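In this text, all values refer to a predicted model and were calculated from it rather than measured experimentally. Here is the naming used below: chain letters follow the sequence lines, and residue numbers restart at 1 for every chain.
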Amino acid sequence: MRGLDFVAASCGHRYTSGMCHHYVGAKKHPELYAGAFDIHSTLFEFTLPNYWPLSKVPIIRPNDNGEREMVPAEWGLLPFWWKPTDKAPKRSGFQRKCFNAKSEEVDKKPSYREAFKRRRCLMPAEEFFEKGHYFHLPDFTPFAFAGLWERWRHGEETVESCTLLTTEPNELVKSVGHHRMPVLLTNEEQYAQWLNPDIVERKVLEPLFLPTDPATMEFYKAPEK
DNA sequence: CCAGACGTTGTT
DNA sequence: GTCTGG
DNA sequence: CCAGACGTTGTT
DNA sequence: GTCTGG
């Protein structure tokens, strides 16, 4: 059994669910990420290859020297201003509603607009899941979701979290009956533009949000449980 | 003013 | 205990 | 995966 | 933190 078949067979998902809420990272080949994303310091220790909302996932962001670093973050963005209340005492309740961000409005939403200006990141992946199908690039080449990250502090506790942008589906994703898809970045030029701190206007970054050319993607049906 | 929201996709 | 929404 | 829900009638 | 609906 090939590694990816094992991943697909072992993940226990439900096939009716929607949203961009399940993807596959690398379990045994972080060096692929380092090569594909030009990482200068790799601090992250990989855990499971399957990620769902609230999983710890690797993100790539510029550090203070402008070099890219890979660090862990919780998938589900927690804004810096979030506070617990009697009605919503746990941050996980908020975070599990913030694992996708609409690219069309990401610069306007209170939860995302500050991170959009100054805290963009890459979320490395090899496959993403929609409607019972895994989508990937030829040879499972690593790519990145366009992501945002945030830092939340409360007393002694610090939480770093992230979210991924969504856009219209291309024909391939439409063909399985889904109405949105993640924004995919697939080459160094796109990575560099997305992480460029001098760009803060959504309009300038908008070309990155176009649905990926379906001719450059492949997919397969997840095995029945 | 002040309490309450601040989110997404898909489905009803 | 089991299902499901995120 | 895993946190959170899981129920009804009647009243506000 | 900031905006909006009441």
Side-chain angles (χ1 to χ4, degrees), chain A residues 4 6-27 46-58 72-119 123 125-135 145-155 158-159 161-170 172-184 200 202 209 211 222-225:
Chain A
L4 287 161
F6 172 77
V7 165
S10 64
C11 60
H13 46 60
R14 284 166 184 68
Y15 299 112
T16 53
S17 52
M19 299 191 247
C20 309
H21 73 162
H22 174 194
Y23 71 97
V24 179
K27 186 179 186 181
F46 287 85
T47 54
L48 293 170
N50 277 287
Y51 301 132
W52 285 267
L54 301 195
S55 296
K56 284 254 184 172
V57 303
E74 293 180 12
W75 183 18
L77 190 136
L78 187 66
F80 65 91
W81 44 257
W82 184 86
K83 290 191 184 94
T85 61
D86 289 343
K87 196 180 170 188
K90 298 178 69 175
R91 60 186 171 82
S92 62
F94 198 100
Q95 288 179 266
R96 67 175 54 256
K97 293 173 181 172
C98 294
F99 56 88
N100 287 170
K102 290 186 75 170
S103 60
E104 296 90 337
E105 306 171 310
V106 68
D107 59 331
K108 299 286 192 297
K109 296 289 188 179
S111 293
Y112 301 136
R113 58 194 175 196
E114 292 305 312
F116 179 76
K117 278 186 226 160
R118 298 183 296 108
R119 287 183 290 278
M123 295 170 64
E126 291 175 0
E127 305 180 71
F128 67 93
F129 179 88
E130 304 285 5
K131 290 275 183 177
H133 296 79
Y134 286 93
F135 295 83
F145 298 120
L148 309 175
W149 69 275
E150 189 55 273
R151 183 178 290 138
W152 176 86
R153 290 199 187 88
H154 194 251
T158 297
V159 175
S161 61
C162 62
T163 190
L164 67 83
L165 271 60
T166 64
T167 186
E168 294 175 34
N170 65 16
L172 199 65
V173 173
K174 264 187 217 165
S175 75
V176 305
H178 206 59
H179 303 303
R180 298 290 287 176
M181 68 177 284
V183 172
L184 303 196
V200 295
R202 197 199 76 89
F209 306 155
E224 298 296 336
K225 241 184 120 185

Item checked: Interatomic distance, A:Phe99 CZ vs B:dT9 P [rounded to whole Å] -> 8 Å
Item checked: Whole-Å P distance, B:dG10 and C:dC3 -> 25 Å
Item checked: C1' atoms of D:dT9 and C:dG1, separation to the nearest Å -> 27 Å
Margin query: So A:Arg153 and A:Thr158, do their side chains get closer than 4.5 Å, heavy atoms only?
Written below: yes
Margin query: If I take atom OH in residue A:Tyr51 and atom C1' in nucleotide D:dC1, what distance separates them, rounded to the nearest angstrom?
Written below: 13 Å
Next item on the list: Please identify each residue that fulfils salt bridge (charged side-chain N to carboxylate O under 4.0 Å, His left out) with A:Lys117, with sequence neighbours left out.
Entry: A:Glu114
Next item on the list: Would you please enumerate the stems DNA chain B participates in, each stem being three or more consecutive Watson-Crick or G-U wobble pairs with both distances under 3.5 Å?
Entry: B:1-6 with E:1-6
Notebook entry, point to check: To the nearest angstrom, how far is A:Leu165 atom CG from B:dT9 atom C1'?
Noted result: 15 Å
Check: When the distance from NZ of A:Lys174 to C1' of B:dT9 is rounded to whole Å, what number comes out?
Finding: 16 Å
Next item on the list: Sequence neighbours left out, what passes side chain to side chain contact (heavy atoms under 4.5 Å, CB included) with A:Leu54? Give chain and number order.
Entry: A:Ser92, A:Gln95, A:Arg96
Next item on the list: Might you work through the side-chain contact (heavy atoms from CB on, under 4.5 Å) test for A:Met123 and A:Tyr23, ending with a clear yes or no?
Entry: CA-CA 10 Å; A:Met123 295 170 64; A:Tyr23 71 97; 3.7 Å; yes
Notebook entry, point to check: Can A:Trp81 be classed as stacking with the base of B:dC6, given a centroid separation cut-off of 5.5 Å and a plane angle cut-off of 30°?
Noted result: yes
Notebook entry, point to check: Can you check whether A:His21 has a side-chain N or O nearer than 4.0 Å to OP1 or OP2 of B:dT8?
Noted result: no
Check: Rounded to whole angstrom units, what separation is found between the NZ atom of A:Lys131 and the P atom of B:dT8?
Finding: 19 Å
Check: Are any of the side-chain heavy atoms of A:His178 and A:Pro169 separated by less than 4.5 Å?
Finding: no
Contacts table for residues 75-83 of chain A: side-chain donor-acceptor under 3.5 angstrom, sequence neighbours left out:
residue : atom : partner : partner atom : Å
A:Trp75 : NE1  : A:Phe99 : O            : 3.0

Next item on the list: Between B:dT11, B:dT9, B:dT8, spot the one nearest the side chain of A:Arg180, thanks.
Entry: B:dT9
Check: To the nearest angstrom, how far is A:Phe116 atom CZ from E:dG1 atom C1'?
Finding: 19 Å
With a cut-off of 3.5 Å and sequence neighbours excluded, list every side-chain donor-acceptor pair involving residues 100-110 of chain A.
residue  : atom : partner  : partner atom : Å
A:Asn100 : OD1  : A:Cys20  : N            : 3.2
A:Asn100 : ND2  : A:Cys20  : O            : 2.9
A:Ser103 : OG   : A:Thr166 : O            : 2.8
A:Glu104 : OE1  : A:Arg180 : NH2          : 2.9
A:Glu104 : OE2  : A:Arg180 : NH1          : 3.0
A:Glu104 : OE2  : A:Arg180 : NH2          : 3.4

Item checked: CE on A:Met181 to CZ on A:Phe145, rounded to 0.5 Å -> 9.0 Å
Check: Whole Å only: how far is the CH2 atom of A:Trp75 from the C1' atom of B:dT8?
Finding: 12 Å
Atom pairs under 3.5 Å: protein N/O with N/O of nucleotides 3-5 of chain D:
residue : atom : partner : partner atom : Å
D:dA3   : O4'  : A:Arg96 : NH2          : 3.0
D:dG4   : OP1  : A:Ser92 : OG           : 3.3
D:dG4   : OP2  : A:Lys90 : NZ           : 2.5

Item checked: Point-to-point distance, once rounded to the nearest 0.5 Å, from CG of A:Leu172 to CZ of A:Phe135 -> 5.0 Å
Next item on the list: Take atom NZ of A:Lys102 and atom C1' of B:dC6, then tell me their distance rounded to the nearest Å.
Entry: 16 Å
